[in-house]
Amino acid sequence: MLVTGIAAGMMHLSACQQTATNSNPLLQESNLPYGAPDFSKIKVADYLPAFEAAIQEMRDDIQKIVSNSEAPTFDNTILAYEESGRTLDRVSRIFFALTNADKTAELGEVEKKVTPLLTDLSNEVSFNKALFQRIKSVYDNELDGLQGEQRKLTEEIYKDFVRKGALLPDDKMARMKEINLRINDLQQQWGDQLPAATNAAVVWVDSEEELAGLSQADIAQCKQDAQDLGGKKPFAIVIVNTTQQPLLASLDNRELRRRVFEASMHRADGSAEGHNTFPIVAEIAKLRAEQAQLMGYKNFAAYSLEPTMAQNSDNVYNFLKNLIAAYQPKEMAEERAIEEYARKTEGPDFKLQPYDRFYYSAKMKKEQLNISDDEVKPYFNVDSVQKNGVFYAANRVYGLTFKQRTDIPTYHPDMKVFEVFDRNGQPIALFYSDFFRRPTKRGGAWMDEFATQSRQRQQLPIVFNVCNFAKAPEGQPSLLTWDEVTTMFHEFGHALHGMLSSCQYNRLAGTNVARDFVEMPSQFNESFASIPEIFDHYALHAETGQPMPADLKERMLKSISYQPCYALGENLAATCLDMAWHMLPIDSVPTAEQAANFERDALGQIGLLNTQVPPRYSTSYFNHIWSSGYAAGYYSYLWTEVLAVNIASVFAQRGALDPAVGQDFREKVLSKGNTLPLMQLFSDFTGMEQPDASALLKAKGL
């Protein structure tokens with residue numbers, strides 16, 4: 001993160017503070033391989049002084065640029081700006097990795113102090129008129145003479161300043177600074193409130209009998225979770241980040257299913273005292289609408305979409321409406337079929353509820369395909385999926401090998417480190433994995449970096465994946481559902497995008513691309529999970545080590561596309577919610593009290609108000625759009641799924657595991673970062689001028 005800092009009037013560090021910073025491990029270049037963070041030396045008390053010193057260093061770097069008496073050039077302005085704040089970049093990446101994945105109360109207190117400092121610095125740099133004039137001078141006078149990554153870097157930096165408001169008049173610039181500060185404060189509040197609400201939404205259970213239908217492994221997990229959360233009752237069902245909860249597919253007790261579903265849906269909407277994020281939502285939405293207005297756009301979506309592949313909201317809605325039109329009749333038929341199936345045992349008056357859908361769908365699947373999650377989970381041991389699946393696929397396709405390093409410290413004992421080697425034996429990256437959930441970790445799964453690849457900085461990538469899988473009790477294997485298997489492949493697709501980057505400049509490298517392209521490598525990487533040769537290599541019984549029997553494998557792979565409407569529908573609903581919030585002009589943004597009704601109305605207007613298929617994330621816990629950079633961008637998951645399906649078709653035609661095809665994809669797409677137009681990268685590999693959206697519906701059986 002290049003974007004954070006302290007108030008302009010902060011004094012230079014005192015001599016005493018300066019002495020302290022000399023021994024601060026965050027302010028020293030790491031002696032570990034790749035410059036990896038040395039978590040054995042870093043203490044919570046090191047972060048605030050490290051930020052203060054790094055912010056001052058950033059200020060000094062900027063001052064050197066603006067005080068340069070020579071005429072602005074690429075080297076003394078654009079490149080100098082690109083290379084400014086490197087210590088701050090390092091400190092920020094380490095700190096925010098922890099606040100997402102292992103946020104203790106102590107770290108939370110530091111974050112409250114750090115966030116306004118960083119926002120101040122971001123404003124200070126973004127609205128530094130002397131700095132921008134030098135950047136603009138290079139853009140106006142030298143751009144035509146620049147080539148390749150130099151030209152692209154100049155364009156990106158100039159446009160970034162303009163989009164932040166560098167061309168605004170003074171009064172609007174001052175207001176933009178205030179908005180930036182307030183949004184950062186609100187997002188910090190969100191980062192505290194949502195995990196707390198999710199943890200508090202735990203459903204306590206009195207007896208094992210109430211958990212009928214769950215496997216012994218799941219029951220043991222509920223018992224362990226109860227102990228970890230203080231033992232209020234013998235068993236506990238924790239709430240994960242999505243609306244639907246995995247255990248609902250197995251719980252026989254309908255009342256308990258209802259409690260779990262409602263705990264999930266209402267975790268942060270004020271139903272539970274002290275857990276209401278709607279005030280944050282309403283204020284962020286209004287401030288974003290004001291930002292867009294200041295910048296001359298009719299709403300935040302118009303502002304946000306301009307630099308993406310989609311370009312504008314009309315293109316997004318045309319894309320979504322085509323999917324909705326194909327989805328709706330299929331979903332209605334799917335819903336009727338599930339309800340009719342349930343009535344065979346529950347009676348003719350039975351009315352299917354959203355907390356019933358997964359349960360009866362699973363029973364239908366068991367009856368029609370003779371398959372259940374409990375039957376296949378023993379073959380999805382987390383370690384085998386990673387080493388024999390994810391890593392094996394990367395070896396077959398890209399020639400990569402992985403060697404575990406136990407000599408590199410991590411921020412948590414569950415985290416593992418692997419050194420990554422190219423097919424010629426050359427080391428190219430460090431990869432960390434942190435798979436198991438804990439109360440200090442936010443929900444979901446993600447990829448990030450401790451360091452981005454950059455030839456300019458002679459830096460190899462240091463990449464990590466974080467997930468929220470249940471960790472089995474000591475001595476038992478941790479088993480995954482099929483959805484969790486694909487999640488691991490998905491996040492590793494992001495990791496490959498970072499690890500296989502080959503760019504000159506940090507800002508252009510790896511995953512630093514538009515939202516509606518960045519999800520493509522990850523969605524595409526999911527396709528390897530079901531390729532039989534890859535599947536056979538990792539789907540090994542956790543106790544016997546035997547591969548999944550051929551008959552079970554056939555039934556398992558057939559079941560992947562069973563009743564596909566729900567997954568598409570919940571994503572469409574979440575996407576349309578995101579767009580609805582960010583299409584609003586400033587005077588139409590609902591209040592906190594109106595937010596729940598606004599959600600219902602927005603879904604109703606586009607034809608997606610269906611209690612059977614609630615949004616994957618409801619407004620009050622939609623972390624992607626309120627805190628994680630996907631505002632007016634959640635559509636990108638569906639958009640990039642189209643790109644991924646098109647690319648997977650090319651792989652299938654040319655040889656899905658052919659190293660030559662993998663090398664071609666690596667050279668033309670994964671290595672390029674944001675150095676070329678993104679549609680060009682897609683076309684260079686596929687030979688297609690435009691993505692074929694119909695392929696997505698076909699792939700989903702719709």
Side-chain angles (χ1 to χ4, degrees), residues 1 4 20-55 57 85-115 118 191 195 382-383 386 402-420 427-442 444-453 457 459-469 471 491-492 494-495 498-499:
M1 292 183 181
T4 42
T21 62
N22 288 337
S23 60
N24 190 320
L26 290 163
L27 297 175
Q28 315 302 318
E29 292 284 350
S30 170
N31 293 321
L32 294 176
Y34 299 79
D38 192 345
F39 289 107
S40 68
K41 296 179 179 178
I42 299 169
K43 303 183 294 294
V44 173
D46 293 326
Y47 284 108
L48 184 57
F51 271 111
E52 291 172 343
I55 287 166
E57 178 185 285
R86 287 179 59 173
T87 301
L88 182 57
D89 182 54
R90 179 175 68 246
V91 175
S92 296
R93 288 177 181 276
I94 296 170
F95 179 73
F96 289 108
L98 265 70
T99 58
N100 279 321
D102 198 22
K103 187 176 180 178
T104 63
E106 287 180 292
L107 276 175
E109 289 304 309
V110 175
E111 187 181 32
K112 291 176 183 177
K113 297 174 182 177
V114 164
T115 298
L118 296 176
V382 65
D383 291 328
Q386 180 179 49
F402 301 82
K403 177 184 177 182
Q404 187 167 355
R405 298 285 301 258
T406 57
D407 58 327
I408 296 177
T410 61
Y411 60 69
H412 192 277
D414 286 344
M415 200 174 211
K416 295 180 179 179
V417 187
F418 301 87
E419 190 168 14
V420 187
I428 62 168
L430 275 187
F431 172 69
Y432 297 62
S433 57
D434 176 11
F435 286 148
F436 300 118
R437 70 181 181 226
R438 51 182 170 268
T440 53
K441 183 187 286 188
R442 73 170 174 84
W446 61 94
M447 166 268 188
D448 210 334
E449 297 172 310
F450 292 126
T452 299
Q453 179 272 328
R457 300 183 180 184
Q459 176 66 58
L460 293 174
I462 308 174
V463 177
F464 58 91
N465 280 168
V466 182
C467 297
N468 269 278
F469 305 146
K471 185 179 182 181
E491 296 307 331
F492 194 72
H494 285 307
M499 292 189 291

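In what follows, every heavy atom counts, from backbone to side chain, and hydrogens, waters and symmetry copies are set aside.
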K103 side chain near K441 side chain, heavy-atom distance below 4.5 Å: no
For the CG atom of D434 and the CG atom of N468, what is their distance to the nearest 0.5 Å? 8.5 Å
Side-chain heavy atoms of Q404 within contact of V417, under 4.5 Å: no
Using the side-chain hydrogen bond (donor to acceptor under 3.5 Å, both in side chains) rule, pick out the option among R457, Q459, R93 that qualifies with T452. R93
With side chain to side chain contact (heavy atoms under 4.5 Å, CB included) as the criterion, how do R90 and E29 come out once you've worked through the C-alpha distance, each side chain's angles and the decisive distance to 0.1 Å? CA-CA 9 Å; R90 179 175 68 246; E29 292 284 350; 3.8 Å; yes
How long is the span from the CG atom in L107 to the CG atom in L98, to the nearest 0.5 Å? 5.5 Å
Shortest non-hydrogen contact from M447 toward E491: N-OE1, 3.4 Å
Would one find more than 12 heavy atoms of other residues, nucleotides or ligands at under 6.0 Å from atom CD of E106? no
Is any side-chain heavy atom of D38 less than 4.5 Å from a side-chain heavy atom of P409? yes
Give me the atom names and distance for the closest heavy-atom approach of V463 to G498. CG2-C, 4.3 Å
Compare all side-chain heavy atoms of I55 with those of L88 and state whether any distance is below 4.5 angstrom. yes
pair Y47-E111: side-chain heavy atoms closer than 4.5 Å: no
Would F469 and F435 count as a close aromatic pair, with their ring centres under 6.0 Å? yes
Give the C-alpha distance, both sets of side-chain angles, the deciding distance and a yes or no for side chain to side chain contact (heavy atoms under 4.5 Å, CB included) between C467 and F436. CA-CA 6 Å; C467 297; F436 300 118; over 6 Å; no
Please tell me if the side chains of I408 and L430 come closer than 4.5 Å, counting only heavy atoms from C-beta onward. yes
Could you tell me whether E57 and R86 make a salt bridge, using a distance below 4.0 angstrom between a side-chain N and a carboxylate O? no
D414 and R437 ion-paired at < 4.0 Å: no
Side chains of P427 and Y34 in contact at under 4.5 Å (non-hydrogen atoms): yes
For the residue pair F450 and Y432, is the inter-centroid distance of their aromatic rings smaller than 6.0 Å? yes
Which distance, rounded to the nearest 0.5 Å, do you find between the CZ of F464 and the OG1 of T410? 12.5 Å
What's the shortest heavy-atom distance between Y411 and M415, and which atoms? CE2-CE, 3.2 Å
Output the distance between atom CG (L32) and atom CZ (F39), rounded to the nearest 0.5 Å. 10.0 Å
Any idea which heavy atoms bring V466 and A101 closest together, and the distance? CG1-CB, 4.3 Å
Would the distance check show the side chain of N100 and the main-chain N or O of A97 forming a donor-acceptor pair, the cut-off being under 3.5 Å? no
Can you find a side-chain donor-acceptor pair between D102 and T440 that sits under 3.5 Å? yes
Looking only at non-hydrogen atoms, find the nearest pair between A54 and T87 and report the distance. CB-CG2, 3.8 Å
Hey, could you give me the CD1/CG distance between I94 and L26, rounded to the nearest 0.5 Å? 5.5 Å
Residues S30 and A36: closest non-hydrogen pair is OG-O, 2.5 Å
Are more than 12 heavy atoms, taken from residues, nucleotides or ligands other than D407, located less than 6.0 Å from that residue's CG atom? yes
Close side-chain approach of Q386 to S433, heavy-atom, < 4.5 Å: yes
Calculate, to the nearest 0.5 Å, the distance between atoms CE and CD belonging to M499 and E449 respectively. 10.0 Å
Note: E419-K403 ion pair, threshold 4.0 Å (strictly below): no
Criterion side chain to side chain contact (heavy atoms under 4.5 Å, CB included) on I462 and F431, from CA distance to verdict: CA-CA 6 Å; I462 308 174; F431 172 69; over 6 Å; no
